[in-house]
Student: 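The structure is given below, and queries will be raised subsequently.
Order of the sequence lines fixes the chain letters, A, B, ..., with proteins taken first and strands second; residue numbering starts at 1 for each chain.
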2 protein chains.
Amino acid sequence: MREEIVDGELHEADGRELDDATVAELHERLEKYMEKNGLRSTSQRRLVSEAFFRSTGHLSIEDLLATVREEDSKIGYATVYRTLKLLKDCGLAYERHFGDGVSRYEVALEDEHHDHLICMSCGKIVEFENDEIEQLQDDLAAKHGFVLKRHVHELYGLCGDCRTD
Amino acid sequence: MREEIVDGELHEADGRELDDATVAELHERLEKYMEKNGLRSTSQRRLVSEAFFRSTGHLSIEDLLATVREEDSKIGYATVYRTLKLLKDCGLAYERHFGDGVSRYEVALEDEHHDHLICMSCGKIVEFENDEIEQLQDDLAAKHGFVLKRHVHELYGLCGDCRTD
DNA sequence: CTCGATGCAAATGCTTTGCAGAAAA
DNA sequence: TTTTCTGCAAAGCATTTGCATCGAG
């Protein structure tokens with residue numbers, strides 16, 4: 001089970017690093033999307049998307065900016081925002097909001113669901129996937145005539161370390 | 001089934017108006033909370049909370065401000081924000097974020113769950129409650145050592161009217 | 001060359017805060 | 001009278017945008 005600490009500044013994850021082949025495939029998808037839409041492949045876009053694809057957790061724009069600036073110190077906020085918007089648009093990134101006013105992003109792999117169990121005290125995030133719940137969601141949506149495209153499912157509580165009972 | 005349209009400016013709901021007794025009880029809870037915490041019962045707070053308790057949907061600060069200004073045109077944004085914060089703090093309001101950058105609030109009734117099925121095209125919101133899902137959530141949380149306090153469960157898709165298939 | 005992308009700074013939109021006057025207790 | 005609250009305007013943040021310049025195609 002992957003876990004991750006998110007407490008203000010610190011973000012650690014225990015690794016879901018994608019292998020080179022997968023990262024290459026993601027870059028390809030991005031390139032294809034840009035080409036099809038008359039967008040240009042720039043060093044900044046490649047750098048930001050590389051940092052993003054290689055990342056392991058729920059990154060904020062700041063996290064990402066800090067990472068890419070190690071490589072190219074002149075990259076600005078706007079570029080990172082614009083690149084992440086591009087990645088969202090071509091379906092390679094999910095945008096998440098966990099209460100604080102900050103957008104966090106994570107790589108969108110087709111075959112993965114990322115629902116979250118979040119500790120309200122220490123900020124630990126446990127990702128989960130539950131087929132039964134997914135099925136119930138679909139049923140419920142169908143009952144109301146909806147076709148589901150995506151969902152947000154976040155459980156907030158206290159983790160084992162933070163419970164006092 | 002309650003439904004509601006949320007599309008930028010327009011917000012309509014088909015009625016979950018609380019009866020006077022319930023509204024009175026909510027006011028009482030608020031008064032008690034304020035007294036216990038050395039806070040004061042002002043005409044503005046009574047007005048904002050009344051408008052809020054009588055509301056039927058997912059109101060933004062603007063919605064609420066517009067409503068209370070019909071009664072008292074001098075009420076300012078800050079007061080509404082501060083009052084809603086107070087209502088959240090004493091457990092009478094839930095704060096929600098549906099993608100757009102706006103906070104929406106709804107009355108927190110103890111015995112109700114408000115999960116949401118949201119049409120990505122027309123913005124229709126259907127509220128739902130599903131005990132099986134609730135149970136699975138609890139089980140899942142317990143398996144990870146968590147005690148759940150609250151959750152966010154939003155299903156996004158296309159409603160019957162907006163589907164093209 | 002052309003047109004999209006970048007970086008900067010200014011602008012925006014929502015929310016919070018500081019402060020002097022107003023009003024509960 | 002004392003302390004909190006209000007309304008206003010200013011400040012804060014995260015995010016977006018305008019524009020001159022840069023660079024991919």
Student: So does B:Arg69 get a backbone contact from the side chain of B:Ser73, meaning a donor-acceptor N/O pair under 3.5 Å?
Tutor: no

Student: Whether the side chain of B:Arg150 engages the backbone of B:Tyr94 through a donor-acceptor N/O pair (distance < 3.5 Å, no angle test) should be reported.
Tutor: no

Student: When you match B:Gly101 and A:Asp72 each to their closest nucleotide on DNA chain C, which lands nearer the 5' end?
Tutor: A:Asp72

Student: Show your reasoning for whether side-chain hydrogen bond (donor to acceptor under 3.5 Å, both in side chains) applies to B:Gln44 and B:Thr79.
Tutor: CA-CA 8 Å; B:Gln44 293 91 333; B:Thr79 300; 6.0 Å; no

Student: For the side chain to side chain donor-acceptor pair (under 3.5 Å) test, which of A:His58, A:Lys88, A:Glu95 pairs with A:Ser103?
Tutor: A:Glu95

Student: Over how many whole Å does the gap from A:Glu62 atom CD to D:dG12 atom C1' extend?
Tutor: 14 Å

Student: Salt bridge check, B:Arg46 against B:Asp72: does any charged N sit closer than 4.0 Å to a carboxylate O?
Tutor: no

Student: Less than 6.0 Å separating the ring centroids of B:Phe53 and B:His27?
Tutor: yes

Student: Angle, rounded to 10°, between the helical axes spanning five pairs at each terminus of the helix from C:dC1-D:dG25 to C:dA25-D:dT1?
Tutor: 30°

Student: Whole Å only: how far is the OH atom of B:Tyr81 from the C1' atom of D:dC8?
Tutor: 15 Å

Student: Can you find a side-chain donor-acceptor pair between B:Tyr33 and B:Glu35 that sits under 3.5 Å?
Tutor: no

Student: Take atom CG of B:Asn37 and atom P of D:dT3, then tell me their distance rounded to the nearest Å.
Tutor: 18 Å

Student: Using 4.0 Å as the upper bound for N to carboxylate O, is an ion pair formed by A:Asp139 and A:Lys143?
Tutor: no

Student: Does anyone know the first and last nucleotide of DNA chain C in reach of chain A, 5' to 3', at under 4.0 angstrom to a heavy atom?
Tutor: C:dC3 to C:dC8

Student: Specify the residue among B:His97 and A:Gln44 whose closest nucleotide of DNA chain C lies further upstream toward the 5′ end.
Tutor: A:Gln44

Student: Got a salt bridge between B:Glu106 and B:Arg96, using NZ or NE/NH1/NH2 to carboxylate O under 4.0 Å?
Tutor: yes

Student: Could you check how far CZ of B:Arg69 sits from C1' of D:dT6, rounded to whole Å?
Tutor: 13 Å

Student: Can you see whether A:His153 engages B:Gln137 through a side-chain donor-acceptor pair at a distance of less than 3.5 angstrom?
Tutor: yes

Student: Counting the atoms with a prime plus P, OP1 and OP2 as sugar-phosphate, which does B:Lys85 contact under 4.0 Å by heavy atoms, base, sugar-phosphate, or nothing?
Tutor: nothing

Student: When every nucleotide of nucleotides 17-25 of chain D is labelled 5' to 3' by its protein contacts under 4.0 Å (heavy atoms), B for base, S for sugar-phosphate only, - for none, what sequence of letters results?
Tutor: BB----BBS

Student: Could you check whether A:His116 and A:Tyr156 have their ring centres less than 6.0 Å apart?
Tutor: no

Student: Taking atom C1' of D:dT16 as reference, at what distance in whole Å does atom CG of A:Leu86 sit?
Tutor: 16 Å

